[in-house]
Undergrad: 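The structure under discussion is supplied below as structure tokens; questions concerning it will follow.
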Amino acid sequence: MIRINELKLPLDYDENTLRTEAARALKTESAGIGDVTLRKRSVDARHKDNIVFTASVDVSLNINENSVLRRNKSNKVSKAKEYRYELPRGEKPDLPPVVVGAGPAGLFAALILAQAGCCPILIERGKNVDERTHDVSLFWKGGKLDTQSNVQFGEGGAGAFSDGKLNTGTKDPRSRKVLEEFVSHGAPEEILWEAKPHIGTDKLKPTVRSIRKEIISLGGTVRFSTQLIAVNTDNGRVGSVDVISGGRRERIETSRVILALGHSARDTFEMLFRSGFAMEAKPFSVGVRIEHLQENINRSQYGRFWNDPHLGAADYKLNVHLGSGRGVYTFCMCPGGYVVASASEENTVVTNGMSEFARDGINANSALLVGVSPEDYGGESQLAGVEFQRAIERAAFLAGGSDYKAPAQRVEDLLKKRRTTSFGDVKPTFRPGVSFAQAEEYLPGFVADSLRAAIPLLDLKLHGFAHPDALITGAETRSSSPVRIIRGETLESVSVAGVYPCGEGAGYAGGIMSAAADGIRCAEAVIKSYRKDG
């Protein structure tokens with residue numbers, strides 16, 4: 001098998017085009033080409049008058065492979081390297097490992113443990129994805145917030161109500177295992193080769209449900225509405241955990257615990273801190289969601305190709321470094337998506353972005369965030385960042401009218417420091433609704449000022465970003481965890497042996513892919529530790 005990188009393809013390419021271009025790249029006849037498999041595909045929009053796809057493909061040949069490789073000295077042509085995940089050898093331990101949290105990190109940790117024969121117990125404070133979806137829908141329609149079943153808590157984690165973006169900056173080869181598992185459980189096959197893969201909220205939910213069923217079929221146990229309330233130790237090693245389930249306290253004996261908590265498990269962070277787990281405050285970001293008409297983003301990114309059906313909804317990823325030293329950037333951009341209510345605590349407003357697989361909504365939205373550090377939010381406690389987030393979320397609740405509506409403002413009004421009185425071309429998608437308020441009513445002054453300074457600069461990178469009718473909705477506070485639970489080289493907590501802080505909530509990931517890969521890594525460490533015990 002030969003791999004060809006940087007293969008240029010027209011937007012309307014088909015299988016014959018693919019074979020023809022592969023033959024041209026290999027300087028051979030099309031008859032010599034066997035199968036051609038896409039490995040990666042991205043949009044090259046650097047030249048707006050000639051947008052193409054750039055692809056990496058694997059090619060099998062009907063002729064001698066070595067002679068073709070000898071003829072091609074280009075660094076774009078090489079022998080393909082196949083990736084195959086090697087499942088660690090494990091067995092059912094005397095006491096089952098406990099995985100806390102059914103977000104991406106916890107699901108994949110439990111899946112690997114189950115596939116290795118370790119029969120894990122996966123506990124999740126929220127509900128299964130179907131019941132959870134019902135609760136979230138009621139809240140978005142103006143109903144009561146369920147503090148245990150919402151956008152943050154429940155099967156699938158916060159990522160279950162997002163764009164299902166699977167792009168990652170990590171080079172961890174486990175990422176391929178994550179993608180392959182998603183596909184085997186019903187996700188679209190194209191995530192295996194798209195440079196910016198996404199599943200979409202609508203397709204992610206049944207995928208998550210299918211992963212849970214495999215865990216159970218392999219001997220694992222999955223328990224919802226079950227919250228961790230204590231980690232019990234003996235001579236510095238975990239011996240059991242206490243949970244609340246159905247209103248009753250219960251003890252589960254175990255010698256291994258993977259803490260895949262998620263970034264919003266604030267009460268659990270507090271419990272662990274009181275229990276003596278070493279943790280530290282870490283930098284994170286806060287800001288708003290910004291919405292534009294998706295058509296305008298398409299025009300800015302794709303020029304005359306803006307409505308080409310082969311391209312779909314355009315995305316963007318922007319950042320700027322201000323003279324003040326602050327970084328401002330976009331995050332979790334949702335083409336054709338919606339801004340959604342994501343609170344997990346009463347009397348707070350939290351925003352997030354979501355889109356379905358088709359990405360066919362009228363608006364595009366993205367988090368627009370300002371970096372903050374422990375020096376910004378003060379306090380001596382390792383949990384000071386949590387209180388900083390809470391203060392913003394409570395202020396946003398008040399600014400929105402104290403009924404879970406979100407404060408919103410046109411970009412032109414933000415820049416001119418005035419209250420918005422009516423919407424322009426961009427209408428808000430946030431449910432259960434918005435109220436007009438100025439950014440200063442809920443954001444710290446330095447954050448609002450940084451947004452004002454950054455938006456015109458970001459407009460230089462993406463024309464129309466500072467459109468007067470673009471809309472900001474706040475507050476966006478849950479982009480990452482405000483704490484890191486410190487672990488050592490074995491991935492165990494430096495405070496309690498047998499406990500493995502994992503994923504985004506523990507401060508070791510940022511997004512679905514990196515969290516899932518970290519879950520696999522922690523599961524491997526647990527399996528390895530059992531072998532040492534043996």
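Start at 1 with the first residue, then count along the sequence.
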Undergrad: Would you say S137's side chain and T133's backbone share a donor-acceptor pair under 3.5 angstrom?
TA: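 Here the side-chain-to-backbone pair does not exist.
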Undergrad: With no hydrogens and no angle check, do the side chains of H263 and S481 hold a donor and an acceptor under 3.5 Å apart?
TA: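 No, because no side-chain N or O of H263 sits under 3.5 Å from a partner of the opposite role on S481.
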Undergrad: Any idea which heavy atoms bring A187 and T207 closest together, and the distance?
TA: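 In this case the closest contact between A187 and T207 is N-OG1, 3.7 Å.
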Undergrad: Is D376 salt-bridged to R326, cutoff N-O under 4.0 Å?
TA: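 Answer for the salt bridge query: yes.
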Undergrad: Are the side chains of R212 and V208 in touch, meaning some heavy atoms are under 4.5 Å apart?
TA: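 They are not in contact (no side-chain heavy atoms under 4.5 Å apart), so the answer is no.
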Undergrad: Can you name the nearest heavy-atom pair linking L113 to V526, along with the distance?
TA: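 Looks like CD2-CG1, 4.0 Å.
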Undergrad: How far does CZ of R289 sit from CD1 of I472, to the nearest 0.5 angstrom?
TA: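 Answer rounded to 0.5 Å: 13.0 Å.
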Undergrad: Is there a salt bridge (charged side-chain N to carboxylate O under 4.0 Å, His left out) between E387 and R390? Walk through the geometry before answering.
TA: CA-CA 5 Å; E387 292 307 315; R390 274 194 181 124; 2.6 Å; yes
Undergrad: Can R39 and E194 be counted as an ion pair, charged N to O under 4.0 angstrom?
TA: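 E194 and R39: not salt-bridged.
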Undergrad: Going by the salt bridge (Lys or Arg N to Asp or Glu O under 4.0 Å) test, name the single residue among E155, E124, E250 that passes it with R223.
TA: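 In the set E155, E124, E250, the residue that makes a salt bridge (Lys or Arg N to Asp or Glu O under 4.0 Å) with R223 is E250.
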Undergrad: Within the 4.5 Å heavy-atom criterion, are S240 and I252 side-chain neighbours or not?
TA: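 No, too far: nothing below the 4.5 Å cut-off.
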Undergrad: Using only atom types and a distance under 3.5 Å, with no angle test, would you say the side chain of S493 pairs donor to acceptor with the backbone of S495?
TA: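 Side chain of S493 to backbone of S495, a donor-acceptor pair under 3.5 Å: yes, one is there.
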Undergrad: Can any side-chain N or O of S514 pair as donor or acceptor with the backbone N or O of G510 at less than 3.5 Å?
TA: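 Side chain of S514 to backbone of G510: a pair is present.
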Undergrad: Can you tell me if R125 and S225 form a side-chain donor-acceptor pair at under 3.5 Å?
TA: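 There is no such pair between these side chains.
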Undergrad: Do D267 and Q227 have side-chain N/O donor and acceptor atoms under 3.5 Å apart?
TA: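 The answer is yes; a qualifying pair exists.
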Undergrad: Check whether N128 reaches the backbone of E131 with its side chain - one donor and one acceptor, N or O, closer than 3.5 Å.
TA: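 A pair under 3.5 Å: yes.
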Undergrad: Quick one: list whatever passes salt bridge (charged side-chain N to carboxylate O under 4.0 Å, His left out) with R249, sequence neighbours left out.
TA: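 Salt bridge (charged side-chain N to carboxylate O under 4.0 Å, His left out) check on R249 returns D242.
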Undergrad: Please lay out, stage by stage, how N5 and S56 fare under the test side-chain hydrogen bond (donor to acceptor under 3.5 Å, both in side chains).
TA: CA-CA 4 Å; N5 292 316; S56 294; 2.8 Å; yes
Undergrad: Can you sort out the partners of A110 under side chain to side chain contact (heavy atoms under 4.5 Å, CB included), two or more places apart, ordered by chain and number?
TA: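 Testing A110 for side chain to side chain contact (heavy atoms under 4.5 Å, CB included), a comparison that skips the adjacent residues, returns V99, P120, L122, I215.
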Undergrad: Any sub-3.5 Å donor-acceptor pair from T330's side-chain atoms to S366's backbone N or O?
TA: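 Side chain of T330 to backbone of S366, a donor-acceptor pair under 3.5 Å: no, none is there.
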Undergrad: Would you say the side-chain atoms of S175 pair up with the backbone N or O of D172, donor to acceptor, closer than 3.5 Å?
TA: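 Checking the backbone N and O of D172 against the side chain of S175, a donor-acceptor pair under 3.5 Å is found.
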Undergrad: List the atom pairs, donor and acceptor, that lie under 3.5 Å between side-chain atoms in residues 82-89 and the rest of the protein, sequence neighbours left out.
TA:
{"unit_1": "Y83", "atom_1": "OH", "unit_2": "P173", "atom_2": "O", "d": "3.2"}
{"unit_1": "Y85", "atom_1": "OH", "unit_2": "E524", "atom_2": "OE2", "d": "2.6"}

Undergrad: Under 6.0 Å from the CD atom of E270, do we count more than 12 heavy atoms belonging to anything else shown?
TA: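 For E270, atom CD is crowded (more than 12 foreign heavy atoms under 6.0 Å).
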Undergrad: Within the distance-only criterion (no hydrogens, no angle test), does the side chain of E492 pair as donor or acceptor with the backbone N or O of G498 below 3.5 angstrom?
TA: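 Yes; at least one donor-acceptor contact below 3.5 Å.
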Undergrad: For L38 versus A55, what's the shortest heavy-atom pair and its separation?
TA: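 Between these two residues, the closest heavy atoms are CD2-CB, 3.8 Å.
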Undergrad: Does CD in E190 sit with more than 12 non-hydrogen atoms of other residues, nucleotides or ligands closer than 6.0 Å?
TA: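 Counting other residues, nucleotides and ligands, CD of E190 exceeds 12 neighbours.
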Undergrad: According to ring-ring contact (aromatic ring centres under 6.0 Å, His included), does anything in residues 491-510 pair up with another residue at least two apart or in another chain? List the pairs.
TA: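 ring-ring contact (aromatic ring centres under 6.0 Å, His included) check on residues 491-510 returns no pairs.
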Undergrad: Over all heavy atoms of both residues, which pair between S480 and F284 is shortest? Give the atoms and the distance, please.
TA: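 Taking every non-hydrogen atom into account, OG-CB, 3.4 Å.
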Undergrad: Not counting sequence neighbours, which residues clear side-chain hydrogen bond (donor to acceptor under 3.5 Å, both in side chains) with S344? List them please.
TA: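 side-chain hydrogen bond (donor to acceptor under 3.5 Å, both in side chains) check on S344 returns R478.
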Undergrad: Could you tell me whether the side chain of F388 reaches within less than 4.5 Å of the side chain of V286, counting heavy atoms only?
TA: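 The answer is yes; the side chains approach within 4.5 Å.
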Undergrad: State plainly whether the residues E280 and R484 are in salt-bridge range, i.e. N to O under 4.0 Å.
TA: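 Yes, E280 and R484 are salt-bridged.
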Undergrad: After noting the C-alpha distance and the side-chain angles of D146 and K127, does the key distance pass the side-chain contact (heavy atoms from CB on, under 4.5 Å) rule?
TA: CA-CA 11 Å; D146 186 331; K127 299 179 183 179; 3.9 Å; yes
Undergrad: Are L145 and N150 packed together at the side-chain level, in the sense that at least one heavy-atom pair is separated by less than 4.5 angstrom?
TA: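 Yes, side chains in contact.
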Undergrad: Assess the residue pair S342 and Q152 against the criterion (side-chain hydrogen bond (donor to acceptor under 3.5 Å, both in side chains)); give the C-alpha distance rounded to whole Å, side-chain angles, the decisive distance to 0.1 Å, and a yes or no.
TA: CA-CA 7 Å; S342 305; Q152 306 296 345; 4.6 Å; no
Undergrad: Return the minimal non-hydrogen interatomic distance between L204 and I199, and the atom names on each side.
TA: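 In terms of heavy atoms, the two residues are closest at N-CG2, 3.4 Å.
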Undergrad: Is there side-chain contact between I244 and T226, with at least one heavy-atom pair below 4.5 Å?
TA: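 I244 does not reach T226 side chain to side chain.
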Undergrad: Is it true that F139 and Y404 have ring centroids separated by less than 6.0 Å?
TA: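 When the ring centroids of F139 and Y404 are compared, they turn out to be within the sub-6.0 Å range.
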Undergrad: Does any non-hydrogen side-chain atom of I258 lie less than 4.5 Å from one of V98?
TA: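 A side-chain contact is absent here, since even the closest heavy-atom pair is not under 4.5 Å.
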Undergrad: Whether the side chain of K165 engages the backbone of M333 through a donor-acceptor N/O pair (distance < 3.5 Å, no angle test) should be reported.
TA: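 Here the side-chain-to-backbone pair exists.
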Undergrad: For E253, enumerate each residue passing the salt bridge (charged side-chain N to carboxylate O under 4.0 Å, His left out) test, keeping only those at least two apart in sequence or located in another chain.
TA: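 For E253, no residue satisfies salt bridge (charged side-chain N to carboxylate O under 4.0 Å, His left out) once neighbours in sequence are set aside.
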Undergrad: T254: which residues meet the side-chain hydrogen bond (donor to acceptor under 3.5 Å, both in side chains) condition with it, sequence neighbours left out?
TA: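 Here no residue qualifies.
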Undergrad: Is any side-chain heavy atom of C118 less than 4.5 Å from a side-chain heavy atom of I527?
TA: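 Heavy-atom side-chain distance check passes, below 4.5 Å.
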Undergrad: Residues two or more places apart in sequence or in another chain: which of them pass salt bridge (charged side-chain N to carboxylate O under 4.0 Å, His left out) with E440?
TA: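 Checked E440 against salt bridge (charged side-chain N to carboxylate O under 4.0 Å, His left out); matches are R452.
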Undergrad: Hey, could you give me each pair passing ring-ring contact (aromatic ring centres under 6.0 Å, His included) that has a residue in residues 187-223? Not counting sequence neighbours.
TA: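 Only H198-F357 qualify under ring-ring contact (aromatic ring centres under 6.0 Å, His included).
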Undergrad: Could you list the residues that satisfy salt bridge (charged side-chain N to carboxylate O under 4.0 Å, His left out) with E441, not counting sequence neighbours?
TA: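 For E441, the residues satisfying salt bridge (charged side-chain N to carboxylate O under 4.0 Å, His left out) (neighbours in sequence not counted) are R419.
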Undergrad: Considering residues at least two apart in sequence or located in another chain, which fulfil the side chain to side chain contact (heavy atoms under 4.5 Å, CB included) criterion with A396?
TA: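 Only V349, P407, Y442, A475 meet the side chain to side chain contact (heavy atoms under 4.5 Å, CB included) criterion with A396.
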Undergrad: Please determine if D518 and R174 form a salt bridge, counting it only when a charged side-chain N lies under 4.0 Å from a carboxylate O.
TA: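 Result for this pair is no, no salt bridge flagged.
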Undergrad: Can you pull the ring-ring contact (aromatic ring centres under 6.0 Å, His included) pairs that have at least one residue in residues 91-123, sequence neighbours excluded?
TA: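 Residue pairs with at least one partner in residues 91-123: F108-F182.
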Undergrad: Show, in sequence, the C-alpha distance, side-chain angles and deciding distance for F224 and F153, and conclude whether the ring-ring contact (aromatic ring centres under 6.0 Å, His included) test is met.
TA: CA-CA 10 Å; F224 297 109; F153 300 146; over 10 Å; no
Undergrad: So does K282 have more than 12 non-hydrogen atoms from other groups sitting under 6.0 Å from NZ?
TA: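 More than 12 within 6.0 Å, yes.
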Undergrad: Determine whether F161 and R132 make a side-chain contact, defined as any pair of heavy atoms from C-beta on separated by less than 4.5 Å.
TA: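 Sidechains of R132 and F161: in contact.
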Undergrad: Between T348 and E345 (side chain of the first, backbone of the second, donor and acceptor by atom type, cut-off under 3.5 Å), is there such a pair?
TA: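 It does hold such a pair.
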Undergrad: Determine the minimum heavy-atom distance between A525 and L491, stating which atoms define it.
TA: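 Closest pair (atom of A525, atom of L491, distance): CB-CD1, 4.1 Å.
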Undergrad: Under the 3.5 angstrom rule, does the side chain of S162 hit a backbone N or O of A158 as a donor-acceptor pair?
TA: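 No; zero donor-acceptor contacts below 3.5 Å.
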